[in-house]
Amino acid sequence: KVKEKWAATRVKYPPSILALRHFDSTYSIQLGKLWPSVRVALLSERKYGALLNNFAHHAVLTDLDAQGCCRDFIGDAYTQIQPCLEKESEVVAEEESISVSTKKSDSDSQQPSPLQLSLNIKCLVFPRGDITKFKPARPDTKRLLSHYLMDAASVLPCLALNVRGGHNVLDLCAAPGGKALALLQTHSIGFLCVNDNSASRTTRLRKVLQSYIPKELLTDEKIRITSFDGTQWGQIERNTFDRVLVDVPCTTDRHSLMEDDNNIFSKNRTGERRRLPEVQTELLLAGILAACRGGEILYSTCTLSQIQNMSVVEQAIYLAKENHGIQLQVVDLRALTQMFRKTFDFAPDLPLGEMVIPHLAANFGPIYMCKLRRIT
Ligand code: SAM
């Protein structure tokens, strides 16, 4: 029999159940008939990708090769689209980057957007429907780890950011550092500032960088690690960075459904959860202010929520114009979704940005991304 006092304080529903109820009521409307299959995928084991560390000695990669039919989804997609692109003469292949543009079928006002991708970023995945797991990373002779396991869809915002030729880059919410690592694989960054307001997560971020990046690169001139409140970045530095990644805290849908620990749907975090869209807007606005004129900003989340995705972007664009006189252009990412449609499932016809939706056969995401360019 349950003691009376204990029964009174006992949590009635664990946060993961509260999350599921919340998602059922909101996403069934937002995603319509797609929701049941996305729901099943979210409640099933996720799939990882192995981001290859090209700073590590290649001998350690034999472990991954030995695992059989995994493939670099970026290089593979390029090889597959290359013949079509050559026919359309829309590709400029450089030694380490490619540029792709797609013709648009509809008639909105955006220009076809050439998409530059760094082929230095390599991420292995197993084929659709194959749920083999990668072995853990191993150190090389210099103690640098061979690969970093992450949701392969998380690499897409890094590809979309299109870092090149000595760019100054800010990663405003960087811990634990998966996307920062992917950006560094391009070897195109002049200076990288990685920031996270959580001290403990910044410590983790530092450890990740030390495990993957050679000491010579971890100098203050090349990589700066800070722990500021990103919403206040405008007080520190404005009009500075060529590229800004704003990978905000969100309801982390997959985590919220699978783990009760540290769950944003727990009762004592209700206020924090409700404030998320406001904080996300402040972070994106700070990222916009930190970018230089002509600079590009990539907003990303790992939630399906329209309120944390498109509504935040719309509000930040509005505030940038009204409060700071900054005009922004939304960059079309359809070339990117076209290129990777065999690896990921994308939400159809999103009015603003692109989103990887989980699918049982390709259980990556959710990842939402929207790219903005500063006109003024
Ligand atoms: N980009 C990271 C990666 O790829 O590994 C993941 C970032 S995670 C989605 C969001 C991060 O935002 C968390 O580490 C959290 O500590 C940080 N964060 C939350 N509020 C913040 C703020 N006001 N300023 C800066 N960072 C913040």
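What you are looking at is a predicted structure, and each value in this text was computed from that prediction instead of being measured. Any value given below was found using the heavy atoms of this structure, including those in side chains, with hydrogens, waters and symmetry copies removed. Order of listing sets the numbers, starting from 1, for every ligand and every atom in it.
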Do [X] and [Y] have side-chain atoms, one donor and one acceptor, less than 3.5 Å apart?
{"X": "Thr202", "Y": "Asp196", "result": "no"}
{"X": "Ser256", "Y": "Thr251", "result": "no"}
{"X": "Thr186", "Y": "Asn120", "result": "no"}
{"X": "Thr281", "Y": "Tyr299", "result": "no"}

Legend entry - Glu237 with Arg224: basic N within carboxylate O range, under 4.0 Å: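 Here Glu237 pairs with Arg224 in a salt bridge, since their nearest N and O are under 4.0 Å apart.
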Inset, instruction - May I ask you to decide whether Glu278 forms a salt bridge with Arg275, counting only side-chain N to carboxylate O separations under 4.0 Å? - result: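 Looking at Arg275 together with Glu278, the answer is no, because their closest N to O distance does not fall below 4.0 Å.
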Return the residue, atom name and 0.1 Å-rounded distance of the protein heavy atom closest to [atom].
{"atom": "atom 16 (O) of ligand 1", "value": "Asp196 OD1, 2.7 Å"}
{"atom": "atom 27 (C) of ligand 1", "value": "Asn197 OD1, 3.1 Å"}
{"atom": "atom 24 (N) of ligand 1", "value": "Gly230 N, 2.7 Å"}
{"atom": "atom 6 (C) of ligand 1", "value": "Ala175 O, 3.0 Å"}
{"atom": "atom 12 (O) of ligand 1", "value": "Cys173 CB, 3.3 Å"}
{"atom": "atom 10 (C) of ligand 1", "value": "Asp247 O, 3.5 Å"}

Taking only heavy atoms of [X] into account, list the atoms of ligand 1 that are under 4.0 Å away from them.
{"X": "Ser198", "result": "16 (O)"}
{"X": "Asp229", "result": "22 (C), 23 (N), 24 (N)"}
{"X": "Pro249", "result": "10 (C), 12 (O), 19 (C), 20 (N)"}
{"X": "Phe228", "result": "24 (N), 25 (C)"}
{"X": "Pro176", "result": "5 (O)"}
{"X": "Gly177", "result": "3 (C), 5 (O)"}

Work out whether the distance between some heavy atom of [X] and some atom of ligand 1 is less than 4.0 Å.
{"X": "Val248", "value": "yes"}
{"X": "Leu172", "value": "yes"}
{"X": "Leu283", "value": "yes"}

Please determine if [X] has a nitrogen or oxygen closer than 3.5 Å to a nitrogen or oxygen of ligand 1.
{"X": "Asp171", "value": "no"}
{"X": "Asn195", "value": "no"}
{"X": "Val279", "value": "no"}
{"X": "Tyr148", "value": "no"}
{"X": "Thr231", "value": "no"}

Inset, instruction - Select one of side chain, backbone, both or neither to describe which atoms of Lys179 lie under 4.0 Å from any atom of ligand 1, heavy atoms only. - result: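 Looking at Lys179 and ligand 1, atoms from backbone and side chain both fall under 4.0 Å.
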Inset, instruction - Under 4.0 Å, heavy atoms only, figure out whether ligand 1 is touched by the backbone of Ser154, its side chain, both or neither. - result: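 For Ser154, there is no contact with ligand 1 at all, from either part.
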Inset, instruction - Check the pair Phe23 / Phe265 against ring pair (Phe, Tyr, Trp, His ring centres under 6.0 Å), numbers first and verdict last. - result: CA-CA 11 Å; Phe23 295 158; Phe265 283 85; 5.4 Å; yes
Answer yes or no: is there a donor N or O on one side and an acceptor on the other, between the side chain of [X] and the main chain of [Y], under 3.5 Å?
{"X": "Asp229", "Y": "Asn197", "result": "no"}
{"X": "Arg341", "Y": "Thr337", "result": "no"}
{"X": "Ser266", "Y": "Pro15", "result": "no"}
{"X": "Arg374", "Y": "Ala291", "result": "yes"}

Inset, instruction - Please determine which of Leu333, Leu336, Leu298 meets the side-chain contact (heavy atoms from CB on, under 4.5 Å) test together with Pro157. - result: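 In the set Leu333, Leu336, Leu298, the residue that makes a side-chain contact (heavy atoms from CB on, under 4.5 Å) with Pro157 is Leu298.
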Inset, instruction - Describe, in one word, how the ring planes of Phe134 and Phe126 are oriented to each other, choosing from parallel (under 30°), tilted (30 to 60°) and perpendicular (over 60°). - result: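 Ring orientation, 0 to 90° scale: tilted.
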